[in-house]
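Notes to accompany the following structure.
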Amino acid sequence: MARCVQSVQEFVQDSFVPMVAVLCSEEAERVTRKNNLNFAELLRPFCRLTSEGHIRDPNNQVQVVKNLRICVNNMMICPNTVSGALSATQRRLLNEVVLSCQPQEGALSSVITAGDYNLNFSGKDYSLTALGNNKEDPLMEKNLHQKQTLATTPWFEAYRENFLQSMPASDHEFLNHYLACLLVVSSTEAVPVEQFLKLSQEQHRIQHSGEYSSPKWFIPNTLKYYVLLHDINEGEEQRADTLYEDMKQRYGPQGCYLLKINSRTFSSEDDEQIPDPWSQYLHRNFLHNEVNTVLWKNLHPLDLRPIKDKAWPVVNLQISFKDPESLAGASVSHGTCLTLNDHDRIRQFIQEFTFRGLLPHIEKNIRQLNDQLISRKGLSRSLFTATKKWFGGGKVPEKSISEPKSSCGLQYPPEAPELQIRKMADLCFLVQHYELAYSCYHTAKKDFLSDQAMLYAAGSLEMAAVSAFLQAGAPRPYPAHYMDTAMQTYKDVCKNMVLAERCALLSAEILKSQGKYSDAATLLIKMTSEDSDLRSALLLEQAAHCFINMRNPMVRKFAFHMILAGHRFSKAGQRRHALRSYCQAMQVYKDRGWSLAEDHINFTIGRQSFTLHKPKDAVTAFRQILTNGSRQTATQQGAFLREYLYVYKSVMEENEVSLPHLPLPCINSSATRVYFGRERRLAEGEKQAATHVSLDQEYDQDLAAMWCQLEEQLVASANRGIVPVNFLPTQFCLNSKTDNLRNPLAVVEEPIIVEVMFRNPLKVSLALSKLSLLWRFTPYSPSEEKTTEELAGETITNEETLARLQLLPHRTGQLNIVGVVYYLAAASSGEIVNFLTSTGQQKMDTMMVYGRQDLKIQGPRLNQTKEDKMSVQHGPDRRLNPIITPPMPLMEVFFLQFPTALLCGEIRKAYVEFCNVSGVALSGLRVSSTHPDFFTFGSQATTPLTPLSPTSAENCSAYKTLATPLQPDFVATEMLVSAEDFSQPSGVMEIPLNGNMLQPGESTQLPLWLRGPDQEGVHEINFLFYYESTEKGNKISHRVLRHTVFICASRSLSVQASACRSSASHHSLDNKGNCGTLVFIDVENINTSEAGVREFHIVQVSSSSQHWRLHKCINPGEDNDCKLTSRERAKLLHIYLIYISFTPCGDFFFRCCQTSHQSNIASSKTSSNRISDAYVVEDNKQLILEGQLHVALQTIGKECSSLTLKEEAQEMVLLKFKSELPPPVVLPSADLSQLIKTNLHYPETYTHPFVQDSLCVVPVTLTLSNCSLAQVDVIIDLRHKSTSPESLDVHSSFSWVGQTQYKLQLKPQEELCLTLRACFLKAGVYNLNTLRIFAKPIEQGTMCETSHQTASPALIIINNA
């Protein structure tokens, strides 16, 4: 149970106190009403005695009475029969007491540490902080550490106190019967003695007439105590003293008292601050006071009319006590006419009344009861030795014979000895004589049980257990089974839930004080029932606190019972307490994987918060349902969403200033991408636009590094070969993998596109409309203009959805993109149309909510310094904070007649168009590529000047030719060409423009020559165009444009060339008589008729060596044309003389040498350039393709080829666009082949007489050695015949006889010998190394052949004898 303000002893003692009635005259009531109090309320703060009292028991032993409290109440009369349940008015007022007592907001938090949890029991904020990270078993049947800070539940204490005070008096016990009556008369009465007489007669009539069931009186001879109330400000003090002296003569000095009050004057009101001790008592005892007040106003005990003439009041209190202070009467001051001296007088009066009147009266009645019981039996002078037979007989059961004897309806007459024992026990209990009380209760219990008077027996059992607990020194243990039996009897036999509840409250508090929290929780849970939701809720809550306060806290049981308590609080109308209970339980279930339980709790918290006019808390609770990974069904999630939208809309209506945050859909902020610039323009007719960068492309780190390298080359070329220190690569699209530490740069009037990734965590679709960006802008100039592009509407299912929003800046400055704003609604059938169109405006208003979500991107974790590594710190991510810069040029590039497939070495002409679409001129146009040998630019003035060749397509030939026919023995023409005239040392090519500038809105078109790659396959070729602004000084120094193409290269020709020194002959002597070198060139058509290629024509062979030149061509045939069809070879010949010094032939040659053989050109002996034509048949039309191949001869006598060996053998492999998973790691065969070492042992020479025996059998020993540390499976196959070149020169016509296949297992590093037999048919030299051996480790599934086959032959010589 929760911590209480009182100790358990104080609580039990205060639950049973002497009851004193008050009967006032009307004048006395008027005097006390000056202080806004009646007489009973006036005395209440002073009813606890500060000094000890003493009484003597029947054995004349002095008993000390400590900390005694008396209960003073106005006398209320009721003719109705008292039942075993509370009235409707009492239940309603109990409900109001609990409702009025709420946790104080802002009060210090009560924290309980239980195992893995810190449970916070503050008034407003219920939060949970897990101490550890143990997610598997957060519970704690093992308590690590528990703070001694327990939670308090003042509403339960207030309920318990008022419940005990409001319990109806019963005939089976006397604890709440009145022992005395205070008769109060004012000194201002004309004849006070007559008023005392009148009040005394009225009290006697009420007690003895039998007309009233309430109040009940303890003994017939009730103590009457006469009080003369004197108002110092009104009456004469001398007259009061005279009247008091007369009263002492009449009633005795111990039976009357003069109480002087109201001594405060109004002049001293402002000077002295008098405390108000009544407020807390009025609040704590509100229920009892309220009932008294209502009945008192309707019926005064001095009304002497007969009962039948009195109109008994029907109490119907319509009270709403939402504010606890209203119960205490905070707006009304109490005791305004009293001073501190008056307080002391009242306190002295209570002490005098108790010590001189009440305690002696109780002591006298104890002695009288003891004497009466002894005199009846005459056996003993004391009850301590009495037995049950002393008190037998004398009872008259007031029931019919047909009723069962075990019925609780059995009643004893007032003079029955059993009741006298019970009465004496109650008197002893009230004056704290618990030992004597226990003996009497125990004796009475036996009598009642023997008579089957179960109600009386249960009451005796209950009080016997309490008396045993309260005995000083604890002579006997607390009999908990007494309480269990009493409670069960009250509940099941007597059907009296009020008494059963009192029994449970007392026993639970006692068990808690003894540390028996489990038993207390079980007891409280037993008392829950359907007849009272409020009682069940309070007891379930206390049971939950018992679970949490155990030595091994049971936190999950605490949470479960708090949920049950919250449910019953809700049924009882206690919404605030229900909300508090669910919030406390949420601390246990939160973030523990109990998603369904979390959803239920959050949903209930949301509903209760909304009902209590806390819409913000309701929104927070519903947000938890929607954002967490819910496992609810789609229907349930839809209900949650509709509830959330309704609550959220009410919040927006109350607070329209700030734009609230929406929880749905979820935004993956780190996946946000930002694109700067216009989106790529699509193709226009035959024009193919540059691919550049698009949001549809995935980011690739390797490609980004490649583009950065190309840009560095361009920047270095534009800055005289030096890369500036502040160079940063251009980033068009920023994402989580790019460098976002610096603010990106954007350009005025160029859009900024933000791609946001939405994810719907629910199973129902969401409808978003009017989606736009939320941003801040700090201009560099005074004026600013801002626009935001909005999306009309979008429906998001339970998958990830991308939304692209665009900003168009019009001024320079700093832009900060904060988040997104949108309308959210649940997308169901028939409603999306209204969301996405403007026709259903009324429906949109009722279904949609408007809110925002911020884009908070966490930067990369810092890991540079020691401090960064020791802590978790993240750097900035500024992708959403671009700087808007002044205008810059913007270029677009288009390609015309650009091929997608080429033959290896084929040269094709295309066109490229450059367009300046900005308002700023551009200059310094350059291009860099990953394949600089793939293309070259022509100029606008490079149109052919010579006649076209007869077989070239119009205006498409790449070569300038001479039409002069060749003569026999024609000598090749020599022309010196410098490589510097063609090649670009840095790999960057400047693009020729008119005036080296492109004005705004202008465009230019240039020819672009392409040469097919030398390797077949699909090739990815990247272009990077570079240009600058003519206006210098901008933050953006240059701009680049990317383009990527894929070219499929097919096989064409294979050229193999070799050079050898020639002998002195007439062929090899030049004009100077020098000896020459013969160059042999073999050309093979390796095309497989792909792309319709029919045949190739060899046109020319050229040399580019600085030391050698071609002197003559030895034509193998007489024809002027050499045609090669598929898979044919031929020697070279040349027909036309082509100027290779003109572009693009020279460009391609020197670019190819620069990229492929740059380090070998200077030392090469000769280099040849071969030009060919190819006829291609497409759609039954004959086209002519042109191309050129290059072969570099490095060494005389060594053959060189235009293709490498691998290229000649391999088939075409398609380019893979995405990286594949790496293949599984398998031990290489080279390693597997070394698992086993083999050795053959045999005689080198063996002589056999073949004449006598035609078969020669030679023993051969095979030794196997396991070289590994693993067990190896081995298979030996002797049926294999060797076909290796080494064994072709020796005989192989022998056979292995016997077993020809073995399967063995070798242990680690084991050596094994096998004896084999080889059979020979004739003499000769034989190679015995023909066997095949396979080996593998046991764990591997694939066999691998060992490498002994590649070793030297095992030769044996067989001689004939």
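Keep in mind the model is a prediction, meaning the values are calculated, not measured. All values below were derived from every heavy atom in this structure, side-chain atoms included, with hydrogens, water molecules and symmetry-related copies excluded.
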Checklist line | Candidate pair Ile261 and His230, rule side-chain contact (heavy atoms from CB on, under 4.5 Å), full reasoning | finding: CA-CA 6 Å; Ile261 60 172; His230 176 63; over 6 Å; no
Next item on the list: Could you give me the CA-CA distance, side-chain angles and deciding distance for Gln195 and Ser25, then say whether side-chain hydrogen bond (donor to acceptor under 3.5 Å, both in side chains) is met?
Entry: CA-CA 7 Å; Gln195 288 295 328; Ser25 65; 4.9 Å; no
Next item on the list: Starting from the C-alpha separation in whole Å, work towards a yes-or-no answer on side-chain hydrogen bond (donor to acceptor under 3.5 Å, both in side chains) for Thr89 and Ser87.
Entry: CA-CA 5 Å; Thr89 303; Ser87 64; 4.7 Å; no
Margin query: Between Asn38 and Thr32, does the side-chain hydrogen bond (donor to acceptor under 3.5 Å, both in side chains) criterion hold? Intermediate values first, please.
Written below: CA-CA 6 Å; Asn38 57 39; Thr32 57; over 6 Å; no
Check: Between Glu52 and Leu68, is a side-chain contact (heavy atoms from CB on, under 4.5 Å) present by the stated rule, with each step listed?
Finding: CA-CA 8 Å; Glu52 296 180 354; Leu68 180 65; over 6 Å; no
Next item on the list: Run the numbers on Asn262 and Asn35 for side-chain hydrogen bond (donor to acceptor under 3.5 Å, both in side chains), then give the verdict.
Entry: CA-CA 8 Å; Asn262 296 345; Asn35 298 287; 2.9 Å; yes
Check: Arg48 and Asp14: salt bridge (charged side-chain N to carboxylate O under 4.0 Å, His left out), yes or no, with the steps?
Finding: CA-CA 10 Å; Arg48 185 177 296 276; Asp14 289 350; 2.6 Å; yes
Next item on the list: Start with the C-alpha distance between Arg33 and Glu29, add both sets of side-chain angles, then the distance that settles salt bridge (charged side-chain N to carboxylate O under 4.0 Å, His left out), and finish with yes or no.
Entry: CA-CA 6 Å; Arg33 281 298 174 185; Glu29 189 72 21; 3.5 Å; yes
Note to self: Before you tell me yes or no, could you show the steps for Gln420 and Tyr412 under side-chain contact (heavy atoms from CB on, under 4.5 Å), namely the whole-Å CA-CA distance, both residues' side-chain angles and the distance that decides it to 0.1 Å?
What the structure shows: CA-CA 10 Å; Gln420 301 304 316; Tyr412 291 93; over 6 Å; no
Notebook entry, point to check: Please walk me through it: do His172 and Leu499 pass side-chain contact (heavy atoms from CB on, under 4.5 Å)?
Noted result: CA-CA 11 Å; His172 79 286; Leu499 294 174; 3.6 Å; yes
Note to self: Set out, in order, the CA-CA distance, both residues' side-chain angles and the distance that settles salt bridge (charged side-chain N to carboxylate O under 4.0 Å, His left out) for Glu173 and Arg422, then state yes or no.
What the structure shows: CA-CA 7 Å; Glu173 63 182 10; Arg422 174 60 198 257; 3.3 Å; yes
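Checked by atom type and distance alone, the side chain of Ser186 pairs as donor or acceptor with a backbone atom of Thr188 at under 3.5 Å. Between the side chain of Gln90 and the backbone N or O of Ser166, at least one donor-acceptor pair lies under 3.5 Å. With hydrogens and angles ignored, the 3.5 Å screen pairs a side-chain donor or acceptor of Gln102 with a backbone N or O of Leu99. Listed for the Arg239 side chain is a donor-acceptor partner under 3.5 Å among the backbone atoms of Ser187. Side-chain N or O atoms of His177 include one that pairs as donor or acceptor with a backbone N or O of Ser170 at under 3.5 Å. A donor-acceptor pair under 3.5 Å is absent between the side-chain atoms of Asp246 and the main chain of Leu243, judged by distance alone. Without hydrogens or angle criteria, Thr336 side chain to Ser333 main chain gives no donor-acceptor distance under 3.5 Å. With hydrogens and angles ignored, the 3.5 Å screen pairs a side-chain donor or acceptor of Asn233 with a backbone N or O of Arg264. The closest donor-acceptor contact from the side chain of Asn95 to the backbone of Arg91 lies at 3.5 Å or more, if one exists at all. In this structure, Arg44 contributes its side chain and Val72 its backbone to a donor-acceptor pair below 3.5 Å.
Remark: Arg347 engages Phe46, Asp344 in a side chain to side chain contact (heavy atoms under 4.5 Å, CB included) (not counting sequence neighbours). By the salt bridge (Lys or Arg N to Asp or Glu O under 4.0 Å) test, Glu189 pairs with no residue at all, sequence neighbours left out. A search for salt bridge (Lys or Arg N to Asp or Glu O under 4.0 Å) contacts involving Glu234 returns Arg30, Lys34, not counting sequence neighbours. Partners of Glu462 under the salt bridge (Lys or Arg N to Asp or Glu O under 4.0 Å) rule, at least two apart in sequence or in another chain, are Arg502. In this view, Asp276 satisfies the salt bridge (Lys or Arg N to Asp or Glu O under 4.0 Å) rule with no residue, not counting sequence neighbours.
Atom CD of Gln9 has more than 12 neighbouring heavy atoms from other residues, nucleotides or ligands inside a 6.0 Å radius.
Put simply, the side chain of Glu501 does not reach to within 4.5 Å of the side chain of Leu164, judged on heavy atoms. Residues Leu23 and Leu182 form no side-chain contact, since every pair of their non-hydrogen atoms from C-beta on lies 4.5 Å or further apart. Taking 4.5 Å as the limit, every side-chain heavy atom of Cys428 sits out of range of all side-chain heavy atoms of Tyr434. Lys66 has its side chain out of reach of Ser51: every pair of non-hydrogen atoms, C-beta onward, lies at least 4.5 Å apart. Side-chain atoms of Pro58 and Leu436, non-hydrogen and from C-beta on, do get closer than 4.5 Å to each other. For the pair Val22/Asn73, no side-chain contact is recorded, criterion being any heavy-atom separation below 4.5 Å from C-beta on. In this structure the side chain of Pro360 never reaches within 4.5 angstrom of the side chain of Gln254, judged on heavy atoms. Inter-residue side-chain proximity for Val498 and Met167 is flagged as met; some heavy-atom pair is nearer than 4.5 Å.
Between Ile366 and the choices Val431, Asp371, Asp57, the side chain to side chain contact (heavy atoms under 4.5 Å, CB included) rule is met once, by Val431.
Between His334 and Asn36, the closest heavy-atom pair is CD2-O, 3.6 Å. Of all non-hydrogen atoms in Pro215 and Trp217, the two that sit nearest each other are O-NE1, 3.5 Å.
One finds the CG atom of Leu470 at 8.0 Å from the CE atom of Met463 (value rounded to the nearest 0.5 Å). Rounded to the nearest 0.5 angstrom, Asn74 CG and Cys24 SG are separated by 6.5 Å.
Residues Asp426 and Lys423 are not paired through a salt bridge, judged by the lack of any N-O separation under 4.0 Å between the basic side chain and the carboxylate. Checked for salt-bridge contact, Lys216 and Asp171 meet the test: a charged N lies under 4.0 Å from a carboxylate O.
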Which atom pairs, one a donor and one an acceptor, fall under 3.5 Å between side chains of residues 221-229 and the rest of the protein, sequence neighbours left out?
{"residue": "Thr222", "atom": "OG1", "partner": "Gln207", "partner atom": "OE1", "Å": "2.9"}
{"residue": "Thr222", "atom": "OG1", "partner": "Gln207", "partner atom": "NE2", "Å": "3.0"}
{"residue": "Thr222", "atom": "OG1", "partner": "Ile219", "partner atom": "O", "Å": "3.2"}
{"residue": "Lys224", "atom": "NZ", "partner": "Gln203", "partner atom": "OE1", "Å": "3.1"}
{"residue": "Tyr225", "atom": "OH", "partner": "Cys256", "partner atom": "O", "Å": "3.4"}

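A ring-centre distance under 6.0 Å is not found for Phe218 and Tyr178. Aromatic ring centres of Phe353 and Tyr257: separated by at least 6.0 Å.
A donor and an acceptor atom, one from each side chain of Gln372 and Gln368, are nowhere located under 3.5 Å apart.
In this structure, Arg160 satisfies the cation-pi test against Phe11, with its NZ or CZ atom closer than 6.0 Å to the six-membered ring centre and inside 45 degrees of the ring normal.
Relative orientation of the His204 and His208 rings is tilted, given thresholds of 30° and 60° on the angle between their planes.
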